[in-house]
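For ligands, and for the atoms within them, numbers begin at 1 and follow the listed sequence. Basis for what follows: all heavy atoms, side chains included, without hydrogens, waters or symmetry-related copies.
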Amino acid sequence: IVFTEKQEALVKESWEILKQDIPKYSLHFFSQILEIAPAAKDMFSFLRDTDEVPHNNPKLKAHAVKVFKMTCETAIQLREKGKVVVADTTLQYLGSVHLKSGVLDPHFEVVKEALVRTLKEGLGEKYNEEVEGAWSKAYDHLALAIKAEMKQED
Ligand code: HEM
C-alpha cells in the first residue's frame with residue numbers, strides 16, 4: 001500500500017477542522033447515514049426509540065468521533081507502516097460489537113458515503129477529490145480489518 005505524506009496531511013488537517021464542532025458534524029454524519037439507509041436506524045440503541053436524530057447525544061457523538069478518529073489513525077499507520085495496525089483487543093471488541101448489533105458488510109459502504117458527505121459539508125472549499133481519496137482509502141482499510149474480525153467471530 002502506498003499512502004503518501006500528502007494524503008496523511010490532508011486527512012489530519014481535515015479532521016482538525018471537523019473536530020472543532022463535534023455536535024454539528026456528528027449530527028450531520030448520522031443524518032446522512034439515515035438518509036442513505038433508513039433501516040440502519042434500529043441498529044443503534046440511541047436511535048431506536050426516536051423519530052429524529054437526537055442532538056447532543058453522547059453515544060451518537062462517540063460513534064461519529066470513533067469513525068473519524070480511527071480512520072485518521074489508520075491514515076497515519078498506512079503512511080508510516082504501509083498497513084493497518086489496530087490492537088488485537090480493540091479489533092476483537094469492534095468485531096463483536098458490530099456483529100452483535102447486526103451490522104452487515106454493505107453498511108460499511110453506507111457509513112463511508114456519510115463520512116464523505118460530512119467532510120464535504122465541513123470543509124467547504126477545502127474539499128476536493130484528493131481529500132476524498134485519502135479518507136476513502138484509509139477508511140476502506142480500517143473497514144476491511146473490522147469486517148475480517150466479524151467473520152472470525154461468526
Ligand atoms: C458501536 C466504531 C462502522 C454500527 C461501535 C463502537 C465503536 C465503533 C468503537 C463501540 C462504541 C462504544 O464504545 O459503545 C466503528 C468504526 C467503524 C464503524 C471505527 C468504521 C470504520 C460501523 C458501521 C455501522 C456501525 C458501518 C452500521 C451502520 C454500530 C452500532 C454500534 C456500534 C449499531 C452499537 C452502538 C449502540 O447502539 O450504542 N462502533 N464503527 N458501525 N457501531 Fe460502529
Given the rule in the side chain to side chain donor-acceptor pair (under 3.5 Å) test, do E121 and Y25 qualify, once you have shown the distances and angles that lead to the verdict? CA-CA 8 Å; E121 166 80 14; Y25 296 116; 5.8 Å; no
Does L34 belong to the same Ile/Leu/Val/Met/Phe/Trp/Tyr cluster as V110, with side-chain heavy atoms less than 4.5 Å apart forming each link? yes
Could you check, using the six-membered ring where one of them is a Trp, whether F29 and F68 have ring centers closer than 6.0 angstrom? yes
Quick one: does L27's side chain get under 4.5 Å of N56's, heavy atoms only? no
Mind checking how many protein N/O/S atoms fall short of 2.8 Å from atom 43 (Fe) of ligand 1? 2
the protein heavy atom lying closest to atom 12 (C) of ligand 1 turns out to be Y93 OH, 3.3 Å
Using a 4.0 Å cut-off to any heavy atom of H107, which atoms of ligand 1 qualify? 26 (C), 27 (C), 28 (C)
Can you tell me which portion of M70 lies within the under-4.0 Å heavy-atom range of ligand 1? Options are side chain, backbone, both, or neither. side chain
With a 6.0 Å cut-off (strictly less than), is the heavy-atom count around CG of D105, excluding the residue itself, greater than 12? yes
In terms of residue, atom name and distance, what is the protein heavy atom nearest to atom 30 (C) of ligand 1? F44 CE2, 3.5 Å
Which residue and non-hydrogen atom of the protein lie closest to atom 38 (O) of ligand 1, and at what distance in Å? S45 OG, 2.9 Å
I need the full list of salt bridge (Lys or Arg N to Asp or Glu O under 4.0 Å) pairs touching residues 35-47, with sequence neighbours left out, sorted by first then second residue. E35-R117
Is it possible for you to say whether W135 and I17 belong to one hydrophobic cluster, with membership spreading through side-chain heavy-atom contacts below 4.5 Å? yes
Please report whether the ring centroid of H63 lies less than 6.0 Å from that of F44. yes
Please could you name the atoms of ligand 1 that L142 approaches to less than 4.0 Å, counting only its heavy atoms? 21 (C)
Close-contact set for ligand 1 against Y139 heavy atoms, below 4.0 Å: 20 (C), 21 (C)
Testing the basics here: between G122 and L18, what is the closest heavy-atom pair and its distance to 0.1 Å? CA-CD1, 4.0 Å
If you measure from OG1 on T71 to NZ on K112, what distance do you get to the nearest 0.5 Å? 10.5 Å
the protein heavy atom lying closest to atom 33 (C) of ligand 1 turns out to be M43 O, 3.3 Å
